[in-house]
Novice: 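This structure is in structure tokens; I'll ask about it shortly.
Chain letters run A, B, ... following the sequence lines, proteins first and then strands; every chain starts at 1.
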Amino acid sequence: MAARPKKTPAWLVKSEPDAFSWDQQVANGVEPWSGVRNHQAQAFLKAMKKGDRVFFYHSNIGKEIVGIVEVAREAYPDPTDETGRWICVDMKAIEPVKHAVTLAAIKAEPRLEGISLIRQSRLSVMPIAPGHAAILLEMARG
DNA sequence: GCCAACGTTGGC
DNA sequence: GCCAACGTTGGC
């Protein structure tokens, strides 16, 4: 029997490496994905299930997918939120990508047309369609 | 440094 | 409820 294929990520999250980088995620292992203060992004965080895979993207500096994380804990109150209205999840580093997938490469790939990373450039948490995720994985593997 | 996208706020 | 002003994000 063939080895079970790796889970295809269903989501993408962005972080400015100045604030929280992939290296920090790896060093910390499991880390709360807190501080999201946008309703649309919150809705996506709430929909995440334990074990879901997530692309980790560096915004601003790098502008590239650098790794894959996994949802280690589903939605719970964001400890950085004093109002109690916002939630966060825990993310766990799984593996770095072999080849960082740059925004330029994503834009240049016609099969990724319509991806929300480009269409909704300010959104920091977003779903990735299975077809798009497969292409991103392919690009990440080189 | 500039600009586009877009969410939030506040006056009416 | 509308909309102008303003702030933030993120790319270039």
Novice: With sequence neighbours left out, which residue pairs that include part of residues 114-125 of chain A fulfil the side-chain hydrogen bond (donor to acceptor under 3.5 Å, both in side chains) condition?
Specialist: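 Every side-chain hydrogen bond (donor to acceptor under 3.5 Å, both in side chains) pair that includes a residue of residues 114-125 of chain A, provided the two are not neighbours, is A/Gln40-A/Gln120.
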Novice: With A/Trp11, which residues qualify under ring-ring contact (aromatic ring centres under 6.0 Å, His included), at least two apart?
Specialist: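 Here no residue qualifies.
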Novice: How would you list all residue pairs meeting salt bridge (charged side-chain N to carboxylate O under 4.0 Å, His left out) that involve residues 26-47 of chain A, not counting sequence neighbours?
Specialist: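 Sorted pair list: A/Arg37-A/Asp78.
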Novice: Could you give the start and end, 5' to 3', of the contact zone on DNA chain B for chain A, using atoms under 4.0 Å from its heavy atoms?
Specialist: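 It runs B/dA5 to B/dT8.
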Novice: What pairs with A/Asn60 under side-chain contact (heavy atoms from CB on, under 4.5 Å), at least two apart in sequence or on another chain?
Specialist: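 So A/Asn60 forms a side-chain contact (heavy atoms from CB on, under 4.5 Å) with A/Glu16.
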Novice: Output all residues satisfying ring-ring contact (aromatic ring centres under 6.0 Å, His included) with A/Phe56, sequence neighbours left out; order by chain, then residue number.
Specialist: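 Per chain and number, A/Phe56 pairs via ring-ring contact (aromatic ring centres under 6.0 Å, His included) with A/Trp22, A/Trp33, A/His58.
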